[in-house]
Amino acid sequence: MMKKLDITWEGVFDSTGYLFSFAKALCCAVKNSPFSDMAEDIVATSGFAFRMWVSPDLCPSATSTWQFKLQKSGLENGGICCNYIERLWGQDDIEEKRRLEAIDMIRQSIDNGIPAISWDIGVCEWGVIIGYDDEAERFAVLPITGQEGEMEYAQLGRRELPILNVLTIVGKAEKSWEDILNGTLKIVINHLQGNEWGENASGLEAYSALIKHLEGEDTKLGSSWNLEYFLGTYAPLKWYAWKFFEGHGLQELAVLYMSVYENWQKAFEMKKSLNMSAQENREAMAELLKQAEVWERRAADILNETI
């Protein structure tokens with residue numbers, strides 16, 4: 001018989017419908033835990049509200065090409081204790097062992113009333129596992145698309161993009177707010193400066209990687225769905241950054257990130273509603289992103305001065 005939690009995406013802020021799926025799943029899991037008051041903050045204190053990756057060809061998978069183990073250290077910085085397991089490419093010798101360990105982790109999390117975060121449970125994005133049935137050896141899953149489904153235990157880590165990535169929330173760390181804030185600011189600066197692993201443009205350099213497709217002669221990528229995906233993935237993350245600073249009295253940074261969010265959101269809405277093959281529309285979107293970059297670079301300068 002399926003043991004299942006009553007979980008939906010309701011209450012998780014996503015202004016575009018494309019919010020970075022790990023951040024969305026993380027917020028959902030924490031919101032449906034005993035630590036629900038930390039659900040929005042954790043998107044910022046883990047660093048994800050400030051992360052951006054952009055590939056030269058605007059391949060959507062670039063948003064999920066990063067050092068996955070940062071999930072655990074990010075949550076721990078934000079004061080959340082978690083269990084984490086991964087199995088990446090070229091690790092076939094440990095595939096079965098890791099999969100069985102992950103299944104056990106998921107069972108324990110659901111027994112504790114908290115959904116488990118997992119990669120590729122319906123689409124190639126992160127989502128949450130909300131139930132299990134040991135007799136049928138099936139999970140109840142809630143992909144980022146919002147349509148509940150089921151998945152066999154045997155499929156975990158073996159689907160369309162066959163890697164294993166599971167994280168479960170297990171507790172709250174005894175960590176002072178001062179330590180959480182200081183750690184967050186260091187994570188933010190490290191990423192905005194592009195110091196995290198990956199070959200794609202990251203942090204503030206992501207701006208030029210996007211803008212060049214709006215100003216170049218080749219309009220194909222500048223008017224593509226791919227651009228919409230990148231704008232939609234990162235725009236709502238800026239909202240979490242804004243709300244984090246606003247909620248903790250860091251007013252100058254809050255004002256900057258409110259403006260950054262508004263420009264990204266406007267750019268996304270332009271992409272959805274206007275003909276981007278028209279040069280004037282691409283130029284208008286480029287100006288929105290350029291101004292957002294100015295504000296976010298100013299925020300980075302403030303953060304550098306603060307640390």
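Everything numeric here is computed off the predicted structure, so don't read it as measured data.
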Approximate separation, where rounding is to 0.5 Å, of [X] [atom1] and [Y] [atom2]:
X      : Y      : atom1 : atom2 : answer
Cys59  : Leu221 : SG    : CG    : 10.5 Å
Asp179 : Asn182 : CG    : CG    : 6.5 Å
Leu156 : Asn165 : CG    : CG    : 10.0 Å
His248 : Leu253 : NE2   : CG    : 12.5 Å
Glu283 : Ile211 : CD    : CD1   : 13.0 Å
Ile302 : Leu250 : CD1   : CG    : 10.0 Å

[X] side chain near [Y] side chain, heavy-atom distance below 4.5 Å:
X      : Y      : answer
Leu227 : Leu58  : yes
Trp9   : Asp14  : no
Leu231 : Thr16  : no
Glu96  : Arg99  : yes
Met276 : Met285 : yes
Arg51  : Leu70  : yes
Leu75  : Ile169 : yes
Pro56  : Asn200 : yes

Output yes when a side-chain donor or acceptor of [X] lies under 3.5 Å from a complementary backbone atom of [Y], and no otherwise.
X      : Y      : value
Asn304 : Ile189 : no
Thr184 : Ile180 : yes
Ser109 : Ile106 : no
Arg87  : Gly157 : yes
Asn112 : Ile114 : no
Arg282 : Ser277 : yes

Under 4.0 Å between a Lys/Arg side-chain N and an Asp/Glu carboxylate O for [X] and [Y]?
X      : Y      : value
Glu262 : Lys266 : no
Arg158 : Glu95  : yes
Lys272 : Glu269 : no
Glu252 : Arg298 : yes

When the ring planes of [X] and [Y] are compared, do they come out parallel, tilted or perpendicular, using 30° and 60° as the limits?
X      : Y      : value
Trp264 : Tyr207 : perpendicular
Phe68  : Trp66  : perpendicular
Tyr153 : Phe139 : tilted

Just checking, any donor-acceptor pair under 3.5 angstrom between side chains of [X] and [Y]?
X      : Y      : result
Gln265 : Ser15  : yes
His213 : Asn226 : no
Gln108 : Asn83  : no

- Task: Could you go through the side-chain contact (heavy atoms from CB on, under 4.5 Å) check for Trp126 and Phe20 one step at a time?
- Result: CA-CA 9 Å; Trp126 279 273; Phe20 179 48; 4.1 Å; yes

- Task: Answer yes if the ring centres of Tyr240 and Trp242 are under 6.0 angstrom apart, and no otherwise.
- Result: no

- Query: Between Lys290 and Glu287, is a salt bridge (charged side-chain N to carboxylate O under 4.0 Å, His left out) present by the stated rule, with each step listed?
  - Reply: CA-CA 5 Å; Lys290 285 178 181 178; Glu287 288 305 312; 3.7 Å; yes

Linking I/L/V/M/F/W/Y whenever their side-chain heavy atoms sit closer than 4.5 Å, directly or via other members, would [X] and [Y] fall into one cluster?
X      : Y      : result
Met2   : Leu5   : no
Val294 : Phe245 : no
Val170 : Ile117 : no
Trp225 : Val54  : yes
Trp177 : Leu185 : yes

- Item | salt bridge (charged side-chain N to carboxylate O under 4.0 Å, His left out) between Arg297 and Glu205, worked out | CA-CA 10 Å; Arg297 286 189 180 278; Glu205 295 308 310; 3.4 Å; yes

- Query: Would Leu204 and Gln193 satisfy side-chain contact (heavy atoms from CB on, under 4.5 Å), going step by step from the backbone distance to the final call?
  - Reply: CA-CA 7 Å; Leu204 294 170; Gln193 292 178 341; over 6 Å; no

Please give me the minimum heavy-atom distance between [X] and [Y], naming the atom from each residue.
X      : Y      : value
Ala39  : Cys27  : O-SG, 3.4 Å
Ser46  : Leu26  : OG-CD2, 4.0 Å
Ala299 : Tyr257 : CB-CE1, 3.6 Å
Glu228 : Tyr18  : OE2-OH, 2.7 Å
Leu214 : Gly222 : CD2-O, 3.8 Å
Glu296 : Met52  : OE1-CE, 4.1 Å

- Message: Exactly one of Thr168, Ile110, Leu142, Ile103 should register a side-chain contact (heavy atoms from CB on, under 4.5 Å) with Ile129. Which one does?
- Response: Ile110

Flag yes if more than 12 heavy atoms outside [X] fall under 6.0 Å of its [atom1] atom; otherwise flag no.
X      : atom1 : answer
Glu160 : CD    : no
Asp111 : CG    : yes
Gln67  : CD    : yes

- Partner set under side-chain hydrogen bond (donor to acceptor under 3.5 Å, both in side chains) for Lys31, not counting sequence neighbours: none

- Task: Start with the C-alpha distance between Phe268 and Leu288, add both sets of side-chain angles, then the distance that settles side-chain contact (heavy atoms from CB on, under 4.5 Å), and finish with yes or no.
- Result: CA-CA 10 Å; Phe268 172 78; Leu288 286 170; over 6 Å; no

- Test side-chain contact (heavy atoms from CB on, under 4.5 Å) on Ile163 and Glu86 and set out the steps. CA-CA 8 Å; Ile163 60 173; Glu86 68 177 24; over 6 Å; no

- Query: Of Phe48, Trp53, Phe50, which is the lone residue that meets ring-ring contact (aromatic ring centres under 6.0 Å, His included) with His191?
  - Reply: Trp53

